[in-house]
Amino acid sequence: MKHAHRAVKSMFGIAMAATALAGFAAPTASATTTHVTAGCYGSSCWQSDPIEMGCSTDAYTVESVDTVYGTIELRYSPACAANWARVSGASDERRFWVQNSNGQIAYWMTIGSTGYGNMVDGRSQARACFSDGTTCTGWH
């Protein structure tokens, strides 16, 4: 009877060891959440650089318009609640701007064929334009 009891203990020990090893060999997947730490929010982003403030991390293009001057984009960061303009493919240096419906405007100029400007409060509608004022994204 002593041997049977040891056998049960040994089997129990092997089963525990196998379970523990299986846990190490096959870790379970866990969801990860990316948290963006921004240096500004809303109106405090006005005239700030989106990269320096960490706003470009979660940013996306709201609208992009191809023009004879190049492509202009209205960019938005949810973490910063801010908008800015970005230009690519410009044929030469071009002045552009972003404007919100509260009257904030941030002007900028491309360096070569690309560039991005400073931000405006994105909690109201905004649009991005080339300096001619008629080549713009829509209000978003």
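The analysis underlying the following values was restricted to heavy atoms, covering all of them including side chains, and did not include hydrogens, waters or symmetry mates.
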Next item on the list: Kindly indicate, with the supporting measurements, whether the criterion side chain to side chain contact (heavy atoms under 4.5 Å, CB included) is fulfilled by L74 and N83.
Entry: CA-CA 7 Å; L74 177 64; N83 290 100; 3.8 Å; yes

Notebook entry, point to check: Could you walk me through whether S77 and W84 pass the side chain to side chain contact (heavy atoms under 4.5 Å, CB included) check?
Noted result: CA-CA 9 Å; S77 165; W84 66 94; 3.9 Å; yes

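Of all non-hydrogen atoms in V62 and Y76, the two that sit nearest each other are CG2-CB, 3.5 Å. Across all non-hydrogen atoms, the minimal contact from E73 to T137 is C-CG2, 4.5 Å. G117 and P50 make their closest contact through O-CD, 3.5 Å (heavy atoms, listed as atom of the first residue, atom of the second, distance). Minimum heavy-atom separation, A79 to D58: N-OD2, 2.8 Å. In this structure, T135 and Y69 approach most closely via the heavy-atom pair OG1-CE1, 3.6 Å. In plain terms, the two heavy atoms of R75 and T61 that are nearest each other are NH1-OG1, 2.8 Å.
To the nearest 0.5 Å, atom OG of residue S131 and atom CH2 of residue W108 are 15.5 Å apart. N102 CG to Q125 CD: the interatomic distance, rounded to the nearest 0.5 Å, is 10.0 Å. The distance from the OG atom of S48 to the CE atom of M53 is 5.0 Å, given to the nearest 0.5 Å. Within the model, atoms OH of Y116 and CD1 of I72 stand 15.5 Å from one another, a figure rounded to the nearest 0.5 Å. Note that CD of Q99 is 8.0 Å distant from SG of C136, once rounded to the nearest 0.5 Å. Rounding to the nearest 0.5 angstrom, the gap separating the OH atom in Y41 from the CG atom in D121 is 8.5 Å.
Using modelled atom types, one side-chain atom of Q47 and one backbone atom of I105 make a donor-acceptor pair closer than 3.5 Å. With hydrogens and angles ignored, the 3.5 Å screen pairs a side-chain donor or acceptor of E63 with a backbone N or O of G138.
Between C45 and C55, the two SG sulfurs stay at or beyond 2.5 Å from each other.
Under a cutoff of 6.0 Å and an axis angle of 45°, R94 and F130 do not form a cation-pi pair.
Hydrophobic clustering (side-chain heavy atoms under 4.5 Å, transitive across Ile, Leu, Val, Met, Phe, Trp, Tyr) groups Y60 together with V120.
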